[in-house]
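Reckoned from all heavy atoms, side chains included, excluding hydrogens, waters and symmetry mates. Note on naming: letters A, B, ... go to the chains in the order of the sequence lines (proteins, then strands), and numbering restarts at 1 for each one.
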Protein chains: 2
Amino acid sequence: MAKTESNVDRLYDALRRMATDFSFKPDARINESALATQLDASRTPIREALNRLVAEGFLTFQSGRGFFCRSLSPELVMDLYEARVAVEVEAVRLAARRGDERDIAVLMQELEDIAPDYTSEADTEALLAMDERFHTQLCALSGNAELARMLANLNDRIRYLRLIDLRRLQAIGPHGQTMVSAHQRILDAVARRDAEGAMAEMRAHIERRREGATKAVRDAYAQLYVPEH
Amino acid sequence: MAKTESNVDRLYDALRRMATDFSFKPDARINESALATQLDASRTPIREALNRLVAEGFLTFQSGRGFFCRSLSPELVMDLYEARVAVEVEAVRLAARRGDERDIAVLMQELEDIAPDYTSEADTEALLAMDERFHTQLCALSGNAELARMLANLNDRIRYLRLIDLRRLQAIGPHGQTMVSAHQRILDAVARRDAEGAMAEMRAHIERRREGATKAVRDAYAQLYVPEH
DNA sequence: TAATGCAAAACTGTATACAGAGATGAGCGC
DNA sequence: GCGCTCATCTCTGTATACAGTTTTGCATTA
């Protein structure tokens with residue numbers, strides 16, 4: 001039961017990680033042969049994985065010229081955030097209407113348990129991971145696999161910018177408490193079956209960071225093209 | 001300028017069409033070699049196209065066993081309809097808030113022009129195409145490419161069931177008028193910048209057919225496994 | 001008859017080869 | 001010095017081959 005993951009899956013995971021954290025620079029062409037040697041595989045399975053990433057919006061493809069990293073623009077980030085609103089607001093509505101009482105309680109407990117980490121955590125990546133985990137689990141309460149899948153895809157595509165946005169936020173002052181209380185307000189509304197309230201809280205929660213994330217695009221470019229200090 | 005479409009795109013289009021209309025039976029295994037001869041290509045580009053379709057939710061993939069058609073269940077259809085609500089309700093909200101005045105007028109005009117076709121059209125496929133076109137254009141008014149992309153994907157995945165649902169509806173009596181007036185009410189709300197109203201109309205419009213579509217799953221199986229009469 | 005095991009067939013996963021298209025850069029003319 | 005052309009080199013697109021795995025079908029046994 002060790003070899004549960006096939007080779008193409010391994011390649012796919014590796015390539016998606018490279019795409020999410022912009023190891024491929026925006027709009028840059030992707031060299032298949034180089035990847036093949038780097039990942040110790042032939043071009044055939046690499047191309048299969050790249051094709052999946054095209055369909056998922058991580059890469060683009062131009063016939064005759066090959067694969068390219070997706071571009072990075074404020075407009076795109078805005079679109080992705082709006083799509084997140086669409087998915088998560090409806091998900092939280094469904095969660096409020098029909099989410100399992102037990103599952104909601106479990107999530108509330110977990111939120112309470114890790115609340116100290118939210119507020120103390122200096123590692124921005126860990127904070128982002130906690131935030132993403134909450135949103136993912138909340139979405140799962142809707143019981144809708146398709147919404148969950150969409151959210152996972154959107155999260156992967158904006159993670160890099162959220163990280164930059166969150167770093168800047170933390171530089172100003174600790175914001176873990178703001179985040180945890182926002183999450184609690186949303187979940188409280190779900191628990192009291194207040195769909196409208198939960199939706200409004202969720203929308204506000206996401207839109208509050210939308211501007212920050214689009215502004216982070218500039219910093220993203222700076223980070224991507226500047227050598228490690 | 002004839003050869004604007006590459007071979008892999010041709011294969012991709014052909015395979016997606018086969019997937020949308022369930023030329024691949026639900027859960028059935030897909031034979032790559034057979035497809036290769038059928039579509040006059042080798043397995044390599046076929047597999048690239050199949051991988052994209054996996055990422056888009058049309059097919060599934062099991063390591064070592066190959067590609068399979070997605071399954072067809074009432075639960076899945078329910079999920080897809082709920083996802084449609086998420087996408088289209090938010091899209092129409094954005095359209096009402098910021099949709100271009102001119103574009104809205106154009107769409108209203110077009111809706112008026114083809115209204116007679118809606119009501120008279122006996123060809124269910126044409127009626128469905130008109131309906132889909134309206135929803136797509138309305139979504140485009142939001143100016144959000146990501147929402148448009150999501151909707152296109154969802155439409156492809158539920159088209160077969162919508163067709164069956166619509167056929168049954170038409171068998172009872174002509175429903176083109178119901179549809180066109182629903183579309184008009186949504187668009188009117190958008191035109192008067194009534195986001196809440198547009199959202200409510202859109203939600204009701206989609207949810208009204210949700211039950212029908214999930215019920216159509218049974219008929220879908222019957223049609224798929226019965227020889228053409 | 002049903003279950004089991006085995007051998008053959010069919011199919012998948014991936015490396016490799018090669019043709020052709022696209023990019024690159026040197027050399028030449030202006 | 002600037003731009004254009006052509007040769008060369010690189011990289012993509014796809015066919016094909018083959019190894020390894022899964023499935024299938026037959027024969028044997030209880």
Could you report the tightest heavy-atom contact between B:Leu39 and B:Ala14, atom names first, then the distance? CD2-CB, 4.3 Å

Spacing between A:Phe67 atom CZ and C:dG22 atom C1', to the nearest angstrom: 16 Å

Rounded to whole angstrom units, what separation is found between the CD atom of A:Glu32 and the C1' atom of D:dG13? 9 Å

Distance-only side-chain donor-acceptor flag, B:Asp219 / B:Gln223, under 3.5 Å: no

Is A:Phe61 touching bases, backbone alone, or none of the nucleic acid, heavy atoms closer than 4.0 Å? sugar-phosphate

Establish, yes or no, whether the cationic atom of A:Arg52 lies under 6.0 Å from the six-membered ring centre of B:Phe61 and within 45° of the ring axis. yes

Quiz item: cation-pi between A:Arg70 and A:Phe22, 6.0 Å / 45°: yes

Output yes when at least one side-chain N/O atom of A:Asn31 is less than 4.0 Å from OP1 or OP2 of D:dC11, else no. yes

Quick check on DNA chain C: between A:Thr44 and A:Gly64, whose nearest nucleotide comes earlier from the 5' end? A:Thr44

Distance in angstrom units between B:Tyr12 OH and D:dG13 P, rounded: 16 Å

Please work out whether the ring planes of A:His135 and A:His183 are parallel, tilted or perpendicular, with thresholds of 30° and 60°. perpendicular

Using heavy atoms and a sub-4.0 Å distance, could you list which residues of residues 47-55 of chain A are near DNA chain C? By number, please. none

Value in whole Å for how far the P atom of D:dT21 lies from CD of B:Gln62: 17 Å

Of all the nucleotides listed (C:dT12, D:dA15, C:dT14), which has the minimum atom distance to the side chain of B:Ser33? C:dT12

Reading DNA chain C from 5' onward, which residue's closest nucleotide shows up sooner: B:Arg43 or A:Arg29? B:Arg43

Between A:Asn51 and B:Glu48, is any side-chain donor less than 3.5 angstrom from a side-chain acceptor? yes

Contact summary for A:Ala55 and B:Arg149, nearest pair of heavy atoms: O-NH2, 3.0 Å

Rounded to whole Å, CG of B:Asp40 lies from C1' of D:dA15 at a distance of 12 Å

Atom-to-atom span, CG of A:Leu35 to P of C:dA15 - whole angstrom: 14 Å

Nearest-Å distance for atom pair CD1/P, residues B:Ile46 and C:dT14: 18 Å

Within the 4.0 Å heavy-atom criterion, would you say A:Ile30 contacts the bases, only the backbone, or no part of the nucleic acid? sugar-phosphate

Considering just the side-chain nitrogens and oxygens of A:Arg65, establish if one lies under 4.0 Å of OP1 or OP2 belonging to D:dT12. no

